[in-house]
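Everything numeric in this text was worked out from a predicted model, so none of it was measured. First the proteins, then the strands, lettered A, B, ... as listed; each starts at 1.
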Protein chains: 2
Amino acid sequence: MKKRISESTIHRLSLYYRALSLLEKENVVTVSSKELAKREKLTPAQVRKDLSFFGSFGTRGLGYQVAELRSRMSHILGINRDWRVALIGIGNIGSALVSYKEFARQGFHIVKLFDNDQRKIGSNHKGIVVSDIKDLEKELKEDNIEIVIVAVPATVAQYIVDDVVAAGVKAILNFAPINLRVPPEVCLRNENMSMELEYLSFAVVNNHTPKKVI
Amino acid sequence: MKKRISESTIHRLSLYYRALSLLEKENVVTVSSKELAKREKLTPAQVRKDLSFFGSFGTRGLGYQVAELRSRMSHILGINRDWRVALIGIGNIGSALVSYKEFARQGFHIVKLFDNDQRKIGSNHKGIVVSDIKDLEKELKEDNIEIVIVAVPATVAQYIVDDVVAAGVKAILNFAPINLRVPPEVCLRNENMSMELEYLSFAVVNNHTPKKVI
DNA sequence: TAATTCTTGTGAAGCATTTCACATGAGCGG
DNA sequence: CCGCTCATGTGAAATGCTTCACAAGAATTA
Ligand SMILES: NC(=O)c1ccc[n+]([C@@H]2O[C@H](COP(=O)([O-])OP(=O)(O)OC[C@H]3O[C@@H](n4cnc5c(N)ncnc54)[C@H](O)[C@@H]3O)[C@@H](O)[C@H]2O)c1
Ligand SMILES: NC(=O)c1ccc[n+]([C@@H]2O[C@H](COP(=O)([O-])OP(=O)(O)OC[C@H]3O[C@@H](n4cnc5c(N)ncnc54)[C@H](O)[C@@H]3O)[C@@H](O)[C@H]2O)c1
């Protein structure tokens with residue numbers, strides 16, 4: 001019975017959630033798969049198929065209740081609750097992420113910072129004191145951290161991630177441009193900006209246009 | 001004859017390029033599809049099929065010459081040359097990107113910065129003076145910019161992108177969490193970190209492990 | 001109540017991508 | 001130079017994902 005949900009479907013759930021949030025702000029009460037599709041450059045059939053993996057949320061002839069569907073989406077995505085996030089590496093990109101208030105508004109609360117630079121350890125970023133990387137495993141456990149963001153140089157990322165995994169964390173967002181080894185029960189996602197620039201460069205040189213834009 | 005190259009293949013080309021660069025640093029001379037696959041958690045067949053879209057670069061029984069294949073990859077990806085990049089929005093994320101030296105090392109040179117904040121206009125970031133957003137279209141044309149990175153609030157991103165498109169730019173990397181409209185000849189890529197966090201949250205809640213890690 | 005309109009939910013068809021499997025060619029050791 | 005090993009390149013099969021197309025349910029109007 002349990003069908004494997006594809007990566008693309010999960011990403012589109014995020015898009016639906018985003019579109020529904022906007023619709024709610026616009027005080028729109030119901031929305032059809034057609035309208036939802038248009039807003040995120042997809043097809044109505046795609047929208048309905050994606051939703052159908054999780055249940056049937058609409059009314060024939062009418063469409064979907066915006067508020068209800070949004071709430072359903074948030075449950076499916078697991079964002080109807082708060083998440084405790086730790087950020088490792090308070091450099092260029094790390095600092096940008098701590099300052100980004102939107103994450104907290106979405107339920108992703110960065111509650112812990114780590115670095116190995118003595119000048120940074122003990123300093124305060126947006127109300128959070130930077131911890132020593134030495135205490136990583138211990139503090140991740142103590143603080144019940146569920147998601148870790150890795151923003152350290154690629155050369156040390158694997159060591160860091162090994163500790164993160166040892167601490168029992170099951171979800172990692174990695175910014176270092178390196179292929180990290182994690183056990184199968186840990187979900188690792190990579191945010192690789194160079195790869196996106198290379199995609200653009202490929203597209204320009206080869207006159208290629210992507211079919212779908214993530 | 002011209003086969004459509006899939007998004008996944010293009011992303012994997014970046015992975016091959018990265019792995020080959022490391023192999024070259026390690027003074028490895030030849031590499032098999034098997035080894036290349038292992039390094040990036042792929043299958044040997046996948047590697048060979050991807051490469052086969054662009055030619056045949058290997059030697060049966062031996063594998064691929066690391067230096068040669070790397071050079072071929074860089075030509076295919078269009079990174080055997082320099083690119084002139086402009087960055088719009090010198091806030092949290094924009095500042096992090098300007099400071100990141102790796103982009104320039106890969107041939108992506110951020111040579112132009114834009115903002116609308118009077119306190120930022122005229123200021124110097126890593127040797128580049130921030131221009132007024134008012135002059136965006138004119139300066140993008142004058143300076144022959146080919147790739148634009150958009151790091152402004154979502155509320156203004158569409159206006160900015162319209163100007164970027166009007167200036168004839170064909171490649172855009174967008175960090176704003178919004179679905180931007182661009183004409184079909186323009187390649188738009190979105191870097192959406194919230195979406196990745198939502199992916200992780202989905203994975204944890206649904207006990208889902210992705211098949212492939214991008 | 002019946003006819004009309006609208007839009008969902010979903011098997012099945014149509015495409016796309018990945019994996020398989022093997023013929024083929026290169027190097028090497030005896 | 002022959003036989004053995006290794007690894008590529010590629011059609012074909014298998015798998016996965018998207019789109020089609022339509023039965024069926026809900027509202028609305030007559
Ligand atoms: N800055 C960007 O725009 C950008 C873009 C793409 C990728 N990245 C990647 O993101 C990562 C961080 O980049 P950055 O520009 O912020 O680098 P950075 O050097 O500014 O920051 C790295 C931080 O990690 C800390 N660190 C180093 N070793 C550590 C360790 N062992 N334990 C804990 N902390 C440690 C450093 O003290 C520093 O604060 C890198 O892997 C980089 O390749 C950055
Ligand atoms: N900071 C992050 O970690 C992060 C994470 C995910 C997504 N984002 C997205 O990236 C974008 C930038 O985020 P940020 O945190 O750097 O925001 P920010 O507010 O720090 O920076 C935005 C910059 O854009 C400039 N700007 C505003 N309107 C402009 C206009 N019309 N023309 C030119 N410049 C203008 C502002 O002056 C500011 O310098 C946002 O869309 C945000 O949602 C940021």
Side-chain angles (χ1 to χ4, degrees), chain A residues 1-13 15-16 19-20 23 28-66 68-69 72-73 76 199 208-214, chain B residues 1-13 15-16 19-20 23 28-66 68-70 72-73 76 208-214:
Chain A
M1 191 65 247
K2 234 186 196 168
K3 216 184 160 311
R4 219 207 129 66
I5 303 298
S6 76
E7 186 189 339
S8 314
T9 293
I10 302 173
H11 274 147
R12 284 191 300 266
L13 294 183
L15 299 182
Y16 303 148
L20 290 162
L23 284 163
V28 177
V29 176
T30 61
V31 68
S32 64
S33 59
K34 196 173 160 193
E35 172 63 18
L36 209 41
K38 207 181 87 194
R39 294 226 175 191
E40 293 294 344
K41 280 201 286 260
L42 302 164
T43 65
Q46 181 84 81
V47 173
R48 296 200 300 275
K49 179 63 88 180
D50 283 339
L51 297 183
S52 79
F53 294 137
F54 302 96
S56 49
F57 309 119
T59 311
R60 285 160 198 235
L62 200 65
Y64 305 90
Q65 297 296 115
V66 170
E68 193 214 329
L69 187 57
R72 301 292 201 116
M73 290 294 101
I76 293 164
Y199 193 108
H208 160 101
T209 334
K211 208 165 63 177
K212 45 174 178 185
V213 184
I214 312 180
Chain B
M1 192 62 252
K2 234 187 196 168
K3 215 183 157 316
R4 218 205 130 65
I5 304 298
S6 75
E7 185 190 339
S8 313
T9 294
I10 301 172
H11 275 147
R12 285 192 299 267
L13 293 182
L15 298 182
Y16 303 148
L20 290 162
L23 284 163
V28 178
V29 177
T30 61
V31 67
S32 64
S33 59
K34 196 173 158 192
E35 172 64 17
L36 209 42
K38 207 181 84 194
R39 295 225 174 193
E40 294 294 343
K41 281 202 285 261
L42 302 165
T43 66
Q46 181 83 82
V47 173
R48 297 201 299 276
K49 179 64 85 180
D50 282 341
L51 298 182
S52 78
F53 295 136
F54 302 96
S56 49
F57 310 119
T59 312
R60 283 155 200 239
L62 232 182
Y64 305 90
Q65 297 298 114
V66 171
E68 193 214 329
L69 186 57
R70 175 168 177 275
R72 299 293 200 115
M73 288 295 101
I76 293 165
H208 160 101
T209 334
K211 209 166 65 177
K212 45 176 177 181
V213 185
I214 311 180

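- As a whole-Å value, the separation of A/Lys34 NZ from D/dT19 C1' is 16 Å.
- Close to C/dT8, at under 4.0 Å from its OP1 or OP2, lies a side-chain N or O of A/Arg48.
- Dashed line: the shortest gap from a side-chain N or O of B/Gln46 to OP1 or OP2 of C/dT19 is under 4.0 Å.
- Separating the CZ atom of A/Phe53 from the P atom of C/dT8 is a distance of 16 Å, rounded to the nearest angstrom.
- Straight-line distance from the CZ atom of B/Arg72 to the P atom of D/dT8: 15 Å, rounded to whole Å.
- A sub-4.0 Å separation between OP1 or OP2 of C/dT18 and a side-chain N or O of B/Arg12 is present.
- OP1 and OP2 of D/dT8 both lie 4.0 Å or more from every side-chain N or O belonging to B/Thr59.
- Taking CD of B/Glu35 as the reference point, atom CG of B/Leu23 lies at 6.5 Å (rounded to 0.5 Å).
- Contact annotation: the side chain of B/Leu69 never approaches that of B/Tyr16 to less than 4.5 Å [non-hydrogen atoms, C-beta and beyond].
- C/dA16 atom P lies 13 Å from atom CD1 of B/Ile5, rounded to whole Å.
- Dashed line: the shortest gap from a side-chain N or O of A/Tyr64 to OP1 or OP2 of C/dG9 is under 4.0 Å.
- Atom-to-atom, CG of B/Asp50 to C1' of C/dT19 comes out at 12 Å; the value is rounded to the nearest Å.
- Taking atom CZ on A/Arg4 and atom P on C/dT18, their separation rounds to 14 Å, with Å as the unit.
- One atom, NZ of B/Lys211, and another, P of C/dT17, lie 13 Å apart when rounded to the nearest Å.
- Checked by distance alone, B/Arg60 brings a side-chain donor or acceptor within 3.5 Å of a matching partner on the base of D/dT8.
- Nearest-nucleotide positions on DNA chain D place B/Gly61 closer to the 5' end than the other of B/Ser56 and B/Gly61.
- Put simply, CD on A/Glu40 is 18 Å from C1' on D/dT18, counting in whole angstrom units.
- To the nearest 0.5 Å, atoms CD1 (B/Ile76) and OG1 (B/Thr9) are separated by 11.5 Å.
- Here CE of A/Met73 is found 12.0 Å from CZ of A/Arg12. Values are rounded to the nearest 0.5 Å.
- Contact between the side-chain N/O atoms of B/Ser52 and the OP1/OP2 oxygens of D/dG9 is not found at any separation under 4.0 Å.
- Remark: B/Thr43 is in phosphate contact with C/dT19, judged by side-chain N or O atoms under 4.0 Å from OP1 or OP2.
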task: Would you check, one step at a time, whether the test side-chain contact (heavy atoms from CB on, under 4.5 Å) holds for B/Tyr64 with B/Arg70?
output: CA-CA 10 Å; B/Tyr64 305 90; B/Arg70 175 168 177 275; over 6 Å; no

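- If you check every strand for non-hydrogen atoms under 4.0 Å, A/Lys49 touches a base.
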